[in-house]
Amino acid sequence: MSSTEAKSSLLKQRFEKAEKLEKQGINLFPNTFRKKHDIIEIKEKYKSLSNEELEKVEEQSVIAGRLMAVRSFGKATFAHIQDGSDRIQIFLQQKELGADKYKFFKKLDIGDIIGVIGKPFLTKTGELTLNVSDFELVTKSLRPLPEKFHGLKDVEARYRQRYVDLIVNPKVREIFRTRTKILKLIRQYLDERGFMEVETPMMQVIPGGATAKPFETYHNALGMKLYLRIAPELYLKRLLVGGFERVYEINRNFRNEGISTQHNPEFTMLEFYMAYADYNDLFKITEDMFSYLAQEILGSQKVNYQGNEIDLTPPWNKLSFYESLEKIGGLSKDQYQDIEKAKNLVRELGENVKEYESLGKIQTKLFDLLVEPKLIQPHFIYHYPTEVSPLSRRNDKDPSITDRFELFITGREMANAFSELNDPRDQKKRFEEQVKEKAKGEEEAHFMDQDYVRALEYGMPPAAGEGIGIDRLVMLFTDSPSIREVILFPLLKPEKDK
RNA sequence: GGGUCGUUAACUCAGUAGGUAGAGUAUCGGCCUUUUAAGCCGAGAGUCGCAGGUUCGAAUCCUGCACGACCCA
């Protein structure tokens, strides 16, 4: 849809009206009006005053906002205007403004941005309202807004034209305010504990730190293929080697995979690393951080998510990976320890199995199918098989498993955490195994990263690290069923150019 | 990648024996000084997602495509 051609009659009408106003010498896009107050300030300031008290108010309120609704009578008009903070009713009278100015107001459209000067009073129904002594057109709106009562419902339009969604759907504004608040609280939480926020490359020569397919790009001047990062992990741990003992990064990761209610190709991840700590410390920090967020955001440890009440009060359930296969997945040791039996089981459950897939990989598939969807309340699942945890420290007693856990809430993975592998010799072997898997056809296997091994050879202090998916966290706290509801501009295919 | 559903006015939606489209909001004109989904009277507004096919005739039936939603892989 082009803005200059093939206009609907409604659009044409607005463009013509705009031209007419301009011919009368009215600037449709002036940048001279300066508001003095946010609407919410006005509302807070006067909310408890009676009409007698309001009459004594000397100060003029000077606000600006978008015209959202108009109820017009002959010589008086009620309207609502909305700014970034709130919405307020205004009252305009011909006898107050003069016939010409009043007539001009009646020519305005819903969607126009206006500046308003007036004093507060209470209407018959007790609504705080500004009695307008003067107003100005600040920005002309040339496109009609969606209907005032139903708002914009079409999901495709809501995502493509998020700006319209934000104008007309207050709940959507609220979700993104909450998102920002969550990010701020997380930063505050980590900063208070001595963590340093850092930025590491988004474009990497070797995409490491996760099991995922990367996006490729190309640097022209260097004549070199680059990847968008799938995780910042290996860079953050290089910083541990460098001597920063507590670091974190909150930023985008990119994974070249399918799109669903749980996945957007770019998504936001928190990763934090602390030296001289292990995964036992991370259980506590995770519980503490989530319950802190719940308290600050919702004022409660109970979160309602899509009809389920999630109780975030620590401590949370803990089960080892194998225990969970047995107790929640209902499997016997025999069923998940014999690779052929396990593979057959996965196939019976309707998922594909590739020849080269390791027992650990098959076991995680069983977990994904039989256990994960049942983990509605918070559950830590710990001691993952070493073969599916190439960056995690082995358990001291049983080297076939790692000191790693994942957190699940509402049947979804919310966090992945482990004691960090800091033995460069073991790390090198683990990379070599990944390279072998890649050669067998496992597209998502890790790449060899020689420099990372070299860094470990200098000595990385013992450490623990964790990644938390921010989008899913925001979904939980805003009761959003789809990741697209918590990403301002989710990826969509381009609309057809007519 | 597969399945199901959707796409009609700016927005929210109706629209079956297949007979060239309708409501509310919004817009335009008129009346109206306490409304808040204001009210009353009148008017204009559509490539029925796109392209084919069947038919005397298609928003409606068939095929393909595009975009989206949900589910599955």
Side-chain angles (χ1 to χ4, degrees), chain A residues 1-3 5-18 20 51 54 66-82 87-99 102-103 105-112 120-132 140-165 167-169 257-264 306 346-354 365 368-369 373 411 480-485 490-498:
Chain A
M1 264 195 282
S2 155
S3 61
E5 47 197 307
K7 281 178 202 144
S8 75
S9 67
L10 214 53
L11 216 48
K12 214 190 268 173
Q13 216 168 49
R14 284 242 180 146
F15 275 76
E16 282 166 5
K17 190 195 251 183
K20 217 163 141 190
N51 247 335
L54 287 171
R66 197 183 290 276
L67 203 50
M68 296 303 289
V70 177
R71 292 172 296 282
S72 190
F73 301 82
K75 296 183 176 64
T77 296
F78 286 95
H80 271 95
I81 70 168
Q82 168 179 305
R87 171 188 271 243
I88 195 168
Q89 181 165 260
I90 59 175
F91 183 53
L92 303 100
Q93 296 172 94
Q94 184 171 306
K95 66 171 194 209
E96 190 87 19
L97 292 165
Y102 184 73
K103 210 168 164 190
F105 185 85
K106 289 200 146 189
K107 287 281 164 215
L108 295 181
D109 291 299
I110 288 174
D112 287 352
F121 74 104
L122 294 175
T123 63
K124 261 192 208 165
T125 55
E127 181 170 352
L128 185 73
T129 302
L130 281 190
N131 188 18
V132 177
K140 185 80 197 129
S141 170
L142 294 171
R143 274 179 189 270
L145 285 177
E147 199 213 10
K148 61 185 169 192
F149 189 57
H150 296 92
L152 183 65
K153 283 194 160 173
D154 181 273
V155 279
E156 188 177 349
R158 286 185 45 231
Y159 298 156
R160 282 194 200 285
Q161 295 181 263
R162 183 69 92 181
Y163 39 91
V164 181
D165 195 24
I167 292 170
V168 300
N169 294 325
E257 289 158 12
I259 295 180
S260 76
T261 51
Q262 311 300 318
H263 301 88
N264 196 61
Q306 304 292 300
V346 170
R347 287 193 195 98
E348 280 166 30
L349 291 165
E351 197 168 331
N352 290 328
V353 170
K354 291 179 188 120
K365 284 192 171 179
D368 290 348
L369 291 163
S480 299
S482 164
I483 196 168
R484 274 164 245 140
E485 294 294 333
L491 186 70
L492 297 178
K493 287 194 187 180
E495 52 191 329
K496 235 190 316 183
D497 212 21
K498 284 187 201 168

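- Evaluation of the salt bridge (Lys or Arg N to Asp or Glu O under 4.0 Å) rule for E485(A) yields R158(A) as partners, not counting sequence neighbours.
- Residue contacts shown for K106(A) include a base, since a base heavy atom lies under 4.0 Å away.
- The side chain of Q89(A) sits closest to U35(B) out of A10(B), U35(B), C67(B).
- Residues passing the side chain to side chain contact (heavy atoms under 4.5 Å, CB included) test with K354(A), sequence neighbours excluded: Y356(A), E357(A).
- Between K493(A) and C67(B) there is a side-chain polar atom (N or O) within less than 4.0 angstrom of OP1 or OP2.
- By the salt bridge (Lys or Arg N to Asp or Glu O under 4.0 Å) test, R484(A) pairs with no residue at all, sequence neighbours left out.
- Scanning both residues, R71(A) and A69(A), for their nearest heavy atoms gives NH1-CB, 4.1 Å.
- Contact annotation for K75(A): base contact, defined as any heavy-atom pair under 4.0 Å involving a base atom.
- For R87(A), the side chain to side chain contact (heavy atoms under 4.5 Å, CB included) test picks out M68(A), H80(A), Q82(A), with sequence neighbours left out.
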Could you pull out the protein-nucleic contacts involving nucleotides 40-46 of chain B (nitrogen or oxygen on both sides, under 3.5 Å)?
| unit_1 | atom_1 | unit_2 | atom_2 | d |
| --- | --- | --- | --- | --- |
| A45(B) | O2' | S9(A) | OG | 2.8 |

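- Partners of E16(A) according to the side chain to side chain donor-acceptor pair (under 3.5 Å) rule, which considers only residues two or more places apart in sequence or in another chain, do not exist here.
- Take Y102(A) and apply the ring-ring contact (aromatic ring centres under 6.0 Å, His included) test, not counting sequence neighbours, and it matches no residue.
- Scored by the ring-ring contact (aromatic ring centres under 6.0 Å, His included) test, Y159(A) finds no partners at all (sequence neighbours excluded).
- Within 4.0 Å of L492(A), counting heavy atoms only, lie sugar-phosphate atoms of the nucleic acid but no base atom.
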Each nucleotide N or O in nucleotides 70-73 of chain B that has a protein N or O under 3.5 Å away: list the pair and distance.
| unit_1 | atom_1 | unit_2 | atom_2 | d |
| --- | --- | --- | --- | --- |
| C70(B) | OP2 | R484(A) | NH1 | 3.1 |
| A73(B) | O3' | G350(A) | O | 3.0 |

